[in-house]
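Just follow the structure's listing: the first ligand is 1, and inside any ligand the first atom is 1.
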Amino acid sequence: MLIPTSILISFLLLFPITEAKVSQLDEEAHALLLTAWWSNQHNISNRCNWPGIRCNNAGSITEITSPPRKNYDTNNSSKDIDFSVFSNLVHLDLSGMQLYGFPKGLSGLKKLEFLNLSHNNLKDEPGFLSSLANLTQLLVLDLSYNYIGGQIPNEFSMLERLVTLNLSTNLFSGTIPLVLSHMSNLIYMNLSSNQLIGDLPTTLFTNLSNLETLDLSLNRFSGLIPQEIGNLTNLLTLDLSLNNFVGPIPDQVGYLNRLTTLNLDSNSINGSIPSSIGLLSHLEVLNIKDNQVGGFIPNELEHLVHLKALDLSYNGILGVIPKWISNLTQLDDIRLSGNQISGYIPSTILVHISHVDLSTNKLIGNVPFQISNVSYLDVSYNNLAGPIPEQIGYSNQLTVLHLDSNFFNGSIPSSIGLLAQIEMLTMGHNKIDGCIPIEMEHLFHLKGLDLSWNRFSGVIPSGLFVHPTLVDLSINNLSGSIPSIIGKNLSLLDLSYNNFSGNIPKGLDSVQSYNLECNPFLNGDYHYCQTQQNQSEYHKNNHNKGLSTLVWVLIIVASVLFSFGSIGIGICVLFARHSRRKLKVMTEKHGDLFSIWNYDGKIAFEDIVEATEDFHIRYCTGTGAYGSVYKAELPSGKTIALKKLHKTESENPSFYKSFCNEVKVLTEIRHRNIIKLYGYCMHNRCMFLVYE
Ligand SMILES: *[C@@H]1O[C@H](CO)[C@@H](O)[C@H](O)[C@H]1NC(C)=O
Ligand SMILES: *[C@@H]1O[C@H](CO)[C@@H](O)[C@H](O)[C@H]1NC(C)=O
Ligand SMILES: *[C@@H]1O[C@H](CO)[C@@H](O)[C@H](O)[C@H]1NC(C)=O
Ligand SMILES: *[C@@H]1O[C@H](CO)[C@@H](O)[C@H](O)[C@H]1NC(C)=O
Ligand SMILES: *[C@@H]1O[C@H](CO)[C@@H](O)[C@H](O)[C@H]1NC(C)=O
Ligand SMILES: *[C@@H]1O[C@H](CO)[C@@H](O)[C@H](O)[C@H]1NC(C)=O
Ligand SMILES: *[C@@H]1O[C@H](CO)[C@@H](O)[C@H](O)[C@H]1NC(C)=O
Ligand SMILES: *[C@@H]1O[C@H](CO)[C@@H](O)[C@H](O)[C@H]1NC(C)=O
Ligand SMILES: *[C@@H]1O[C@H](CO)[C@@H](O)[C@H](O)[C@H]1NC(C)=O
Ligand SMILES: *[C@@H]1O[C@H](CO)[C@@H](O)[C@H](O)[C@H]1NC(C)=O
Ligand SMILES: *[C@@H]1O[C@H](CO)[C@@H](O)[C@H](O)[C@H]1NC(C)=O
Ligand SMILES: *[C@@H]1O[C@H](CO)[C@@H](O)[C@H](O)[C@H]1NC(C)=O
């Protein structure tokens, strides 16, 4: 039970304090009761000890932090309170309180240094934000994760002491006000995930010299990246990803010698990688994927000894994979797919040869290699050639390896069986021959295996289907019988266009979709080859990459997967698919192909259409080369990001169905750099992906 105010007042009067203070403390107590956020607290005179409340020596409240969720009334209760009564308040955190309107009286809090209103349902209320200009003592302002739209008010520039400004994940639009350049104490500025447009004001870079973090990602900024970027010499993190920046990366980035993260992903940046990036000796993450960057990988990058993740995929990078890459011993994640890189995979990329110290170095057999730390290597869709190096097997941290759509030849080295962590292995669309090594049975964590469109021959190892979920061996010369041991996880199996013989194993019934088409010697009705091109023709010119629209669709999809979020994220390159396949028909929802998972099963296509008003431009938060990004709030209250592709080839339902399955499996792979993909959808001719 709450103590009636009259008792409270008389209680307070017992203490030798001035009348003025009594009435002020009384007002504070009264306001606190009105919030009803502490309805489980019964002793108002003890309020300074309530969770989230702090007082000064005089008993006046200086700090209010959202009480634990279960304790507060969600019924818009803060609306009635005038926060200005808390005149000594220094710290106010009302994050995640389900506020629908801004709390009243905030602008009167002259001593306020910290204000956190993130994760609410706040929308722009005319005049409110500009009234915050009165909070001249403010050091931290966090309004992120709301629905606040309109311009960023000029009045913010009066918050001269401000150190942290987090406006991310709102609906702010228009340009960055020039006067923000006055906030010279800013150390952290995050405007990501809004609808901001225009060129970046250069004064922002010349004046905010204390900035350590600048995140402008997922907006619609355009124009050149100003040379003045080089004046932010304290920057640790620079994220300009998912915008419409054009032109080259300015040489001046080389001045940012404290930088650890540089993310330029998904813009229209061209030119070549400036060698000055090699001066960024603290750099850990370099992401330039999905731009139009050409030229060679500059040798100066050799000096980036702290680099952990390098993503240059989907550009026009030429030349070879530099040998020195093996000297970057921290490098764990290398993504170079979708470029025009040629030459061989340097064997040192995978194995770092160190001074031999037998007491500390790990040995494999008699080979004194120190094991490489690379766990993710994607060089797919390039012009690489030659055999797959035998050293590959010594890179035993690898979880994902994409070699597909290159010109690799020779056979798979048996050392492949040493890749104990490998989950995804794709080598499709190459010229690899020989047998599938029996050692591949030992890849216990393997989920996806793509060896399609190669020249493999011989018999499949009998245990190959035990562990993986997806296996594509189509368009090869494999023969013998289909292994009868089928793992319970196997859900997609493509053996089409081979020379298998004998009976179909019973175990295949448990496989969700399989394709045995065009195996003339198989018992059953599998001799029919639907395409004009027969198998040998495939083998003759099996490398028509870049010509097949299907492959391009997959490149697009893969690049979309890659292009989300900040560092080194993405799923994997998807299996290039032969489009004609027999697949079990699965349930279709509302006549549209649709697949969503990981989402408590509560999401529906209609919800997405509704939440975005059929992909209305209003919900679009950015457009890139391949698609547009939308932000949508579902009826469940959850906010998701959607990336809708501009174009797709959607004539063949079974292609998409199998594609569905593949993406599903890919999302289940656990890798620390993979973001959560909730699902994707094909609808009429539109195709989109749903992210957290
Ligand atoms: C209420 O809190 C005050 C101050 O801590 C304390 O002196 C008093 O005994 C408490 N009253 C009750 C009923 O617990
Ligand atoms: C919120 O209001 C509804 C109806 O007005 C009421 O049923 C509910 O109990 C209230 N919630 C709380 C936590 O008091
Ligand atoms: C709070 O107020 C907003 C708008 O004023 C309304 O949409 C919402 O349903 C209210 N929430 C509750 C829990 O009453
Ligand atoms: C604001 O609150 C949210 C949610 O509690 C928290 O994640 C965030 O770190 C807080 N912001 C600051 C600047 O402390
Ligand atoms: C801002 O402060 C000025 C002077 O201190 C005051 O007159 C004005 O009412 C305040 N504005 C708001 C919105 O509180
Ligand atoms: C906003 O940015 C600050 C500064 O980095 C951070 O502490 C805070 O957690 C961010 N807010 C949210 C809701 O993540
Ligand atoms: C840059 O900072 C200087 C000094 O702090 C200030 O006088 C000037 O107005 C600022 N420029 C802009 C565009 O804010
Ligand atoms: C900026 O905010 C977004 C959304 O809250 C967050 O995901 C991102 O990590 C923040 N950026 C930085 C550099 O802190
Ligand atoms: C910006 O950097 C350039 C070159 O480093 C320098 O000449 C110039 O003085 C700097 N401008 C400011 C305002 O610091
Ligand atoms: C780079 O892009 C800019 C702006 O779109 C264009 O003017 C320039 O010609 C391009 N440069 C190259 C080398 O393609
Ligand atoms: C790697 O670094 C060592 C020592 O700095 C150097 O001798 C060697 O040439 C480098 N290797 C390559 C391929 O650059
Ligand atoms: C692998 O990473 C660990 C920890 O970051 C490091 O100590 C070790 O030297 C690295 N190994 C190689 C071969 O680079």
Side-chain angles (χ1 to χ4, degrees), residues 37 51-52 63-69 71-72 90-99 103 112-122 135 138-146 148 159 161-170 178 181-182 184 186-192 199-213 215 221-235 243-259 264 267-274 276 279 288 291-296 315-318 624-625 639:
W37 288 332
E63 185 170 328
I64 298 178
T65 301
S66 341
R69 231 184 147 80
N71 290 342
Y72 65 81
V90 173
H91 183 109
L92 179 60
D93 181 349
L94 300 178
S95 61
M97 298 296 278
Q98 301 185 8
L99 302 178
L112 201 65
E113 294 180 358
F114 179 101
L115 178 59
N116 189 349
L117 298 175
S118 70
H119 290 285
N120 280 296
N121 300 300
L122 302 173
L135 305 177
L138 213 55
L139 300 174
V140 175
L141 177 59
D142 189 347
L143 300 176
S144 61
Y145 294 96
N146 280 291
I148 308 171
L159 304 174
R161 295 187 71 202
L162 205 66
V163 168
T164 298
L165 177 61
N166 195 344
L167 304 181
S168 68
T169 319
N170 275 291
L178 259 166
S181 316
H182 290 308
S184 56
L186 267 191
I187 291 179
Y188 179 96
M189 172 143 93
N190 192 342
L191 307 181
S192 75
D199 291 11
L200 300 182
T202 55
T203 51
L204 206 62
F205 302 111
T206 49
N207 261 28
L208 303 186
S209 56
N210 291 310
L211 269 188
E212 294 184 354
T213 302
D215 188 344
F221 290 115
S222 55
L224 300 170
I225 301 174
Q227 296 177 359
E228 287 79 2
I229 196 95
N231 287 62
L232 296 177
T233 49
N234 284 307
L235 269 191
N243 279 292
N244 301 321
F245 290 112
V246 298
I249 302 172
D251 281 340
Q252 285 81 353
V253 292
Y255 294 126
L256 308 178
N257 57 11
R258 297 182 68 201
L259 208 61
L264 305 174
N267 281 287
S268 301
I269 295 167
N270 62 12
S272 49
I273 303 173
S276 61
L279 298 169
I288 309 181
N291 280 290
Q292 286 130 39
V293 174
F296 303 110
N315 279 292
I317 307 273
L318 306 166
T639 305

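None of V90, D93, L92 except one satisfies the side-chain contact (heavy atoms from CB on, under 4.5 Å) rule with F114; the exception is D93. Of the options V140, D142, L191, L141, a side-chain contact (heavy atoms from CB on, under 4.5 Å) to N166 is made by D142 and by none of the others. Each of D215, T213, L204, L162 was compared with M189 under the side-chain contact (heavy atoms from CB on, under 4.5 Å) criterion, and only L204 meets it.
Annotation for ligand 4: atoms under 4.0 Å from non-hydrogen atoms of F114 are 12 (C), 14 (O). Those atoms of ligand 4 with a heavy atom of V140 less than 4.0 angstrom away are 13 (C). Within ligand 4, counting atoms from 1 as listed, the ones closer than 4.0 Å to a heavy atom of S118 are 1 (C), 2 (O), 3 (C).
The shortest N or O to N or O distance between H119 and ligand 4 is not below 3.5 Å. Checked by distance only, ligand 4 and D93 stay at 3.5 Å or farther apart across all their nitrogen or oxygen atoms.
The backbone N or O of S168 lies less than 3.5 Å from a partner atom in the side chain of N170, making a donor-acceptor pair. Looking only at distances, a side-chain donor or acceptor of N146 sits under 3.5 Å from a matching main-chain atom of S144. Formation of a donor-acceptor pair under 3.5 Å by the N291 side chain with backbone atoms of L264 is found in this model. Judged by distance alone, with hydrogens and angles left aside, the side-chain atoms of N234 form no donor-acceptor pair with the main-chain N or O of L211 at under 3.5 Å. For the pair N120 (side chain) and L94 (backbone), a donor-acceptor distance under 3.5 Å is present. Counting only distance, with no hydrogens or angles, the side chain of N231 and the backbone of F205 share no donor-acceptor pair below 3.5 Å.
Ligand 4 has at least one atom lying under 4.0 Å from a heavy atom of D142.
Every protein residue with a heavy atom nearer than 4.0 Å to ligand 9 is included here: T206, N231.
Neither the backbone nor the side chain of N166 comes within contact range of ligand 4; no heavy atom lies under 4.0 Å.
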